[in-house]
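Have a look at the structure below, then the notes.
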Amino acid sequence: MADLQPVRGTHDLLPEEMRAHRRVSDLARGTAGLHGFDEIATPIFEFTNVFARTLGDTSDVVTKEMYTFEDKGGDRLTLRPENTAGVCRAFISNGLAQHAPVKYFYSGPMFRHERPQKGRMRQFHQIGIELIGAAQPLADVEVIACGRAILESLGVADDTVLELNTLGDTESRNAYRAVLVDYFQDHIDRLSEDSRDRLTRNPMRILDSKDDGDRKLVADAPIFSDYLNQESQDFFGAVTGGLDALGITYKLNPRLVRGLDYYCHTAFEFTTEALGAQGTVMAGGRYDGLIGMLGGPETPGIGWAAGIERLAMLSGVMPEADRPIAVVPMGEDAERRALTLVRDLRKAGLRAESAFSGNMKKRMKHANKINAVVAVILGDEELSRGVAQVKTLDDGTQREVALDRLADDLSVALSQG
RNA sequence: GUGGCUGUAGUUCAGUUGGUUAGAACGCCGGAUUGUGAUUCCGGAGGUCGUGGGUUCAAGUCCCAUCAGCCACCCCA
């Protein structure tokens, strides 16, 4: 029994759910394409170092969430927990620096060993874009605008809020981090246990703590904007300026921090109230140091990732399958003729099928069950005259059509809805 | 990884203070005379009550463990 259950945190995408996923990824791919992002795919596993080196030794993802294993050759491999590192590795591997800036879209499964919840799976699916090789704030604007456009195409933009923050450049961030650590160090006795841990691993995360005691401390903590150098301020100003020009609204959130080490400057999230604790639907930021950390040429980058499950859930749209044409033959001769008839309908681009067995009644039932638009009824009498009865199942009307005109006739009839 | 709630047919759920062959709806399968589905009527199949222990004369009902789902935390998409 346990063996027949899917592995914890994984689940099967049956046609109905698959269609909802396809809708998300197809619309996203199309919209990203309009913004000049081409789709790529990187392997779903990489050498462990690709993630360990870029995500930071202390991040939760690396310390407890990676699916890591040794292959038969003794290499340490990891199922990708996210795709940015993989795309950057591919950028280096393929010597794409000469083509920079490059713009990529991706869609596929990711793996994280977390406690499952609704909207949070161990194998889940993300779409994302990466813009590599552009250091200008206008690149940030384009990446965010593309994300926003995708949410619009999915019909969920109004359910989300764009939260925005800057992490500044390395100099600003280091300066701030030092002050912040000093501050919390002085009040360590009042800090929650989680946050004491954060103090060494990722002190800026304390700013986003949900603990009441922490929040009181945070209220009096040093403010990041006081430590942003001029360059960082100008950069962020250009980003917000671009968003303003596009009429994209956002909410400044100084507590919006990134868990992953490679982020700098722009950090953003599209969040929603509709998904409980899993409110982040699309998140990203600038990662200028990442490619250098991987061993490639210093190259700036910015991108975001979004969870397909969460987007599908948020949109609530369950697309229906295309309705087929059901061919209903009676008798051996008609059955044989139906074979080529179905083939020809398919060649004409129509979804068509015929049950594999059964008398007329069974086949009509089958036609109904597969939600057919029309049933093409073919008996000996029709066969001898080279025609078929075409019955529209929704209203029960029936008409006669010559077999050699059937594909054309149905193509026209069905395209008219 | 931590804490809480839940676990009965394919699905959504009933199952009284532990007590005889565990129910319903929907779905599925079959039938209601000769070449017409979906509506109606009749009938049928399908559950080791998540799994494994324990308490009891007796457990779907109580206890423990385990697995899974859900919720919150952690973290994140």
Side-chain angles (χ1 to χ4, degrees), chain A residues 1-11 14 24 28 55 58-65 81-84 107-128 147 160 192-195 197-198 201-202 205 208-211 214 256-260 269-272 275-284 303-314 326 328-331 334 355 358-383 388-398:
Chain A
M1 192 58 161
D3 289 345
L4 295 182
Q5 281 182 331
V7 173
R8 182 172 208 193
T10 68
H11 74 301
L14 300 180
V24 171
L55 298 176
T58 58
S59 73
D60 268 33
V61 172
V62 169
T63 53
K64 63 181 196 190
E65 293 176 2
E82 52 95 36
N83 206 188
T84 300
S107 169
M110 307 293 159
F111 306 84
R112 266 137 57 177
H113 192 103
E114 296 182 281
R115 190 81 165 248
Q117 252 174 272
K118 194 192 218 78
R120 165 194 264 182
M121 300 284 137
R122 287 187 173 179
Q123 175 177 339
F124 61 108
H125 300 80
Q126 285 186 333
I127 52 172
T160 66
S192 71
E193 199 170 321
D194 277 338
S195 286
D197 199 35
R198 283 190 271 241
R201 284 173 38 224
N202 193 345
R205 276 233 89 97
D208 205 16
S209 174
K210 290 176 185 168
D211 182 87
D214 288 349
L256 177 61
V257 182
R258 285 276 94 106
L260 308 181
E269 286 184 8
F270 285 90
T271 60
T272 177
L275 260 35
Q278 271 64 51
T280 303
V281 121
M282 175 181 280
W304 53 253
I308 293 180
E309 282 84 354
R310 290 183 185 179
L311 289 172
M313 232 184 300
L314 189 59
V328 179
M330 284 173 285
N359 57 24
M360 184 182 192
K361 194 183 180 77
K362 290 255 184 65
R363 288 170 185 268
M364 287 301 289
K365 275 196 167 188
H366 179 256
N368 196 64
K369 186 173 159 184
I370 62 177
N371 195 27
V373 227
V374 298
V376 174
I377 300 163
L378 189 63
D380 289 339
E381 196 270 324
E382 283 84 2
L383 204 52
Q389 303 298 329
V390 174
K391 179 167 185 173
T392 306
L393 292 173
D394 286 344
D395 60 16
T397 59
Q398 193 163 308

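Order of the sequence lines sets the chain letters (A, B, ...), proteins ahead of strands, with each chain counted from 1. For clarity, every value in this text was computed on a predicted model and none was experimentally measured.
Using a 4.0 Å heavy-atom cutoff across all strands shown, A/M313 reaches no nucleic acid atom at all. Counting non-hydrogen atoms under 4.0 angstrom, A/E381 reaches a base of the nucleic acid. Across all strands shown, A/M282 has heavy atoms under 4.0 Å from sugar-phosphate atoms exclusively, and none from any base. Contact annotation for A/G9: backbone-only contact, meaning every heavy-atom pair under 4.0 Å involves sugar-phosphate atoms and none involves a base. Within 4.0 Å of A/G128, counting heavy atoms only, lies no atom of the nucleic acid at all. A/A367 comes within 4.0 angstrom of nothing in the nucleic acid, heavy atoms only. No engagement by A/E193 is indicated, since no non-hydrogen atom pair under 4.0 Å with the nucleic acid exists. Within 4.0 Å of A/R8, counting heavy atoms only, lie sugar-phosphate atoms of the nucleic acid but no base atom.
Counting atom types as modelled, A/K361 pairs no side-chain N or O with a base atom of B/U36 as donor and acceptor under 3.5 Å. Taking only distance into account, the side chain of A/R115 never meets the base of B/C73 through a donor-acceptor pair shorter than 3.5 Å. Under 3.5 Å, the side chain of A/R120 and the base of B/A77 form no donor-acceptor pair of N or O atoms. Taking only distance into account, the side chain of A/Q398 meets the base of B/U36 through a donor-acceptor pair shorter than 3.5 Å.
Between the C1' atoms of B/G50 and B/G69, the separation comes to 11 Å (whole Å). B/G15 and B/G7 have their P atoms separated by 11 Å, given to the nearest Å. B/C62 and B/U17: their P atoms are spaced 11 Å apart (whole Å). Rounded to whole Å, the separation between the C1' atoms of B/A45 and B/G37 comes to 23 Å. A distance of about 16 Å separates the P atoms of B/A59 and B/U16, rounded to the whole Å. To the nearest whole angstrom, the two P atoms, one in B/A9 and one in B/G60, are 14 Å apart. B/U39 and B/C5 are spaced 44 Å apart, taking the P atom of each and rounding to whole Å. Of the C1' atoms belonging to B/G27 and B/U12, the separation is 11 Å, rounded to the nearest Å.
An OP1 or OP2 oxygen of B/G69 is reached within less than 4.0 angstrom by no side-chain nitrogen or oxygen of A/K118. Put simply, A/R363 has no side-chain N or O that comes within less than 4.0 Å of OP1 or OP2 on B/G35. In terms of phosphate contacts, A/Q117 brings a side-chain nitrogen or oxygen within less than 4.0 Å of OP1 or OP2 of B/A72.
We find that CZ of A/F270 is positioned 17 Å from C1' of B/C76, with the value rounded to whole Å. Between A/D394 atom CG and B/U36 atom C1' there is a gap of 15 Å when expressed in whole angstrom units. Between A/K362 atom NZ and B/G30 atom C1' the separation is 8 Å, expressed in whole Å. Counting to the nearest Å, the P atom of B/U36 and the CG atom of A/N359 are 9 Å from each other. Whole-Å rounding puts the A/R112 CZ to B/C75 P distance at 13 Å. Rounded to a whole Å, the NZ atom of A/K369 is 18 Å from the P atom of B/C26. Between A/Q278 atom CD and B/C75 atom C1' there is a gap of 10 Å when expressed in whole angstrom units. Going from atom CZ of A/F111 over to atom P of B/A77 covers 16 Å, rounded to whole Å.
Remark: the A/D194 side chain and the A/S192 side chain contain no N/O donor-acceptor pair separated by less than 3.5 Å.
A distance of 11.0 Å separates CE of A/M313 from OG1 of A/T272, quoted to the nearest 0.5 Å. Summarising the geometry, atom CD belonging to A/E309 is positioned 6.0 Å from atom NE2 belonging to A/H11; distances are rounded to the nearest 0.5 Å. The CH2 atom of A/W304 sits 4.5 Å away from atom CD1 of A/I127, with the distance rounded to the nearest 0.5 Å. Rounding to the nearest 0.5 angstrom, the gap separating the CE atom in A/M364 from the NZ atom in A/K369 is 15.5 Å.
For A/K365, taking side-chain heavy atoms from C-beta onward, the closest of the listed nucleotides B/C29, B/C75, B/A38 is B/A38. Among the nucleotides B/G35, B/G30, B/C74, the one closest to the side chain of A/I377 is B/G35. With B/U36, B/C74, B/A77 as the candidates, the nucleotide lying closest to the side chain of A/M360 is B/U36. Of the listed nucleotides (B/C73, B/A77, B/A68), B/A68 has the atom at the smallest distance from the side chain of A/Q5.
Using N1 to N3 plus N6-O4 or O6-N4 for Watson-Crick, or N1-O2 and O6-N3 for G-U wobble, each under 3.5 Å, B/U2 pairs with B/A72. For B/G43, the paired nucleotide is B/C29, the pair qualifying as Watson-Crick or G-U wobble because both relevant distances are below 3.5 Å. Nucleotide B/U34 is matched to nothing when pairs are restricted to Watson-Crick or G-U wobble geometry with both distances under 3.5 angstrom. Across all strands shown, B/U16 has no partner, as no Watson-Crick or G-U wobble contact with both distances under 3.5 Å is found. The nucleotide B/A59 finds no pairing partner, because no Watson-Crick or G-U wobble arrangement with both distances shorter than 3.5 Å includes it. The partner of B/C49 is absent, by the rule that a Watson-Crick or G-U pair needs both atom distances under 3.5 Å.
For the pair A/A277 and A/G307, both in contact range of RNA chain B, the more 5′-proximal nearest nucleotide belongs to A/A277. Of the residues near RNA chain B, A/V7 and A/T397, the one whose nearest nucleotide (by heavy atom distance) lies more toward the 5' end is A/T397.
Closest approach of A/T160 and A/F270 over heavy atoms only: OG1-CD2, 3.9 Å. Taking every heavy atom of both residues into account, A/R122 and A/R8 meet most closely at CD-O, 3.3 Å.
You'll find the side chain of A/R310 reaches within 4.5 Å of the side chain of A/R120, heavy atoms only.
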Evaluate side-chain contact (heavy atoms from CB on, under 4.5 Å) for A/Q398 paired with A/I377, printing each intermediate quantity in order.
CA-CA 10 Å; A/Q398 193 163 308; A/I377 300 163; 4.2 Å; yes

